Structures are given as structure tokens and as C-alpha cells.
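What follows is a single structure, written as C-alpha cells, with notes after it.
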There are 2 protein chains.
Amino acid sequence: MPSYRLDAIDRHILAALQRDARLTNVQLAEEVSLSPSPCLRRVRQLEAAGLIRGYHAELDRGGVGLGLTVFVGIKVERHHEAQANAFREAVVALPEVVSAHLVSGESDFLLQVVVADLAAYECFLTGTLLRLPGVSDIRSNFAIQTVKEHGPLPLGRLEGEGREPMPVARRP
Amino acid sequence: MPSYRLDAIDRHILAALQRDARLTNVQLAEEVSLSPSPCLRRVRQLEAAGLIRGYHAELDRGGVGLGLTVFVGIKVERHHEAQANAFREAVVALPEVVSAHLVSGESDFLLQVVVADLAAYECFLTGTLLRLPGVSDIRSNFAIQTVKEHGPLPLGRLEGEGREPMPVARRP
DNA sequence: GCTACAGTTGGCAGAATATGCCAATGAAAA
DNA sequence: TTTTCATTGGCATATTCTGCCAACTGTAGC
């Protein structure tokens, strides 16, 4: 289990696959100035190391009939640890919840919820969210306009083009 | 320009590609119980209709050295429309900003920002965000734990398995 | 300076896949 | 029933995937 170091080519590969996950290995190899064999090997290594967690199609939410995105701030009663775990597990299992983070600040959790319309959200809020274990307060912020979405991670911000810039641990 | 209607097979295709964008067309065809030819044709149609906006690799943020995610609420002075546009364009151009929405509620905009660490965020906040045009207030909520991320859109919540459920317009 | 060595690369070949074309199928309209 | 139209499945060819092996590069040790 060697600990992993990303060189410039690895970052180039990650950036390219982040932009277009359906690149052919031949295309990818050409983009990063490598022949297909070592390119594929690097991709497999990045996958095995857990740096690439998956490949996903990005869908048009409005187009598939999911027109409403809501950012939901939730406060929970922090008395029991078991209750907090129950809350987390419940949230993970909800298909309408696209992402959920424990955050600092006013709310304890920040959820991104995707539903068809306001009626569906009302149903989800009163029928599901408000009944989750330990919830003490919910604040719903509706997305009125999407300015930017699914932006790529800023890999360019890591380090220059140095040889072996950054030690990276394998999956914890 | 035929307006688009999703049937059960289309939704199945979308769900599968959302889960794993590197599925082979042969695998995808088998999963949706179609032969490769019509399967590929449907995928191409879904892409052309704009329902599939792209395919992206999901990276491990910590693994690539981007260990800090911050949700940033921003209030802007709403006096000039031109100023609001300038703000939007500036935000879109920032690589650290992974997503940005105009939202209802306390803040006007909600940004998701990804940086290496707290020092990088301090630099980004004081050197970039606070200097954006029209910003009047900024509230930073740090992600302490990621409970769920990149959850698939809940296509199952759309309609039953009816024939031609839902009219969908082409790209606006 | 020279040798041994570890890691990486590039090329090759067989298997699998992508993709355009055409006939066949099935359902709705006349 | 017949016509029409959209969709499907199969086929052939070009491209790609992927494991294997030899060559190369840079480093450490002698």
C-alpha cells in the first residue's frame, strides 16, 4: 500500500475525466500526452486509490421534471449521540436529499433537496422532514435561479507543475 | 423539434447513467432490456434533447488535497441590475466556486466553495469574495462532515411506470 | 564512472465494443 | 382490414479495450 502522490499527469487526467467522464482512453491518453497503456494504468490506480469515486451523468433537473431545488437548514436537539446518528442515517436514505452536510453556523445540517414542485416540497417537508428524529428547527431556502452547478474541483489551485507535489493518503 | 416525452425505459437509462456513466452501451442495453442499437439511439436522443448535460468523474475532495468545503451566504446591494449581472458573471468565473444559486431567505446567493484548507479560504474570502461587485454581507458556514454527496436525482419520484408520462421541452 | 534495479513507458494482439444501415415488428390511424 | 409510422433487432466494419512483454529513465550503490 504505497501512499499516493499526484504528479502533473495525474492531475491532468483527473481534470479531464471531471470535465468529460466518457472520454475514450485513447482520447484521454492523447490529451495528457501519454500512450493508451500507461494512461489506462494510471486511471485504474486513481480509481483503486479512491481518488475517483465514480462516474455520473449530469441530468437537466428541469428537463426530467424536478423543477424545484431547496436548501434546507436544520437544527437538531443535540442531547443524544444516538439520536444524531439516527438523523444522519435517515437523511442519507431519503432520495429527495441530494446532499447533506454537518455545518458550522446557524443550522446544524444543510441539505439540498430536489423535488418536482412546491406541492411536492410541501408534502416532503410536512410528511418526512418534520418527522425526522431530533429535528428542532427547519429553514427552507428556495433556489430561484441556478448561477453555477457541478463546477469542476479547482485542481489547478493545488500546486504548480512540480514533480511530485502532494502526499495523499489512501482511503481512511 | 418534437417535444420530448420520457417513458419508463428512458428513465431507466437516465437512472443507470446517473449511477455509472461509464457503463458500456452493451451493459446499459442489458440493464434496460433492450438491444444495443435502440439503446444507443435513445441515449443519443437524451443527450441531444439536453436532458443529459454531461458526464463527470466524481473525485475525492480530501484525496486531491481540497479538504475544506464552505457554504457561503452572500447579500448583495440590489440597486442596479447591471451590478447583479456583474456579480453573477464574476462568481461563475471563480474556480473555487463549485455551485452558486440565487435563493430566497436571509441571503441572496448561496455558494459552495472548495479550497485546500482554512488558510486558503481566508485568502479567497478576503482577496476575492469580499472584493466582488455589490457584496454587502457574507456569512461562511464550514462543512464539518459530509453526510451525503452527489446523491442521484430521485427519478423514481416522477410518476409510476405509465407509458408516456411527462412532456419535456427541448433546451430553452 | 559503471552497474544493478525499480518504476514507468510504448507497442502489439486478441477480445470486446461502438455505430451506421436495413429489414422486421407492432401499434395506431384510416 | 389496410396503411402508416415509429421503434426494434441484427449485421458488418471501424474503433477501442486491455493484458503482456520489451525498452527506457533516473537513482542508488559499488
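Just so it is clear, the values below take in all heavy atoms, side chains as well, and ignore hydrogens, waters and symmetry mates. Quick caveat: nothing in here was measured; it's all calculated off a predicted structure. So you know, we letter chains A, B, ... as the sequences are listed, proteins then strands, and number each from 1.
As rounded to whole Å, 14 Å separates atom C1' of dT7(D) from atom CG of Leu40(B). One atom, CD of Gln27(B), and another, P of dA18(C), lie 8 Å apart when rounded to the nearest Å. Rounded to an integer number of Å, the gap from Leu34(B) CG to dT7(D) P is 12 Å. Taking atom CD on Glu47(B) and atom C1' on dT19(C), their separation rounds to 13 Å, with Å as the unit. Residue Arg44(A) contributes atom CZ, which lies 14 Å from atom P of dC20(D) at whole-angstrom precision. As a whole-Å value, the separation of Leu28(B) CG from dG9(D) P is 13 Å. Look at CG on Asn25(A): it is 13 Å from C1' on dG10(C), rounded to the nearest Å. Across the protein-nucleic acid pair, Glu30(B) atom CD and dG9(D) atom P stand 13 Å apart, rounded to whole Å.
Ser37(B) comes within 4.0 angstrom of a nucleotide base, judged by non-hydrogen atoms across all strands. The residue Arg22(A) sits apart from the nucleic acid: no heavy atom pair falls under 4.0 Å.
At least one donor-acceptor pair closer than 3.5 Å links the side chain of Gln27(A) to the backbone N or O of Thr24(A). Using modelled atom types, no side-chain atom of Arg11(A) and backbone atom of Gly156(A) make a donor-acceptor pair closer than 3.5 Å.
When all heavy atoms of Asp137(B) and Arg139(B) are compared, the closest pair comes out as OD2-NH2, 3.8 Å.
Judged by distance alone, with hydrogens and angles left aside, Ser35(A) brings no side-chain donor or acceptor close enough to the base of dG11(C) to form a pair under 3.5 Å.
A close approach under 4.0 Å does not occur between any side-chain nitrogen or oxygen of Arg42(B) and OP1 or OP2 of dT7(D).
Below 30°, between 30° and 60°, or above 60°: for Phe142(B) and Tyr121(B) the angle between ring planes is above 60°, a perpendicular geometry.
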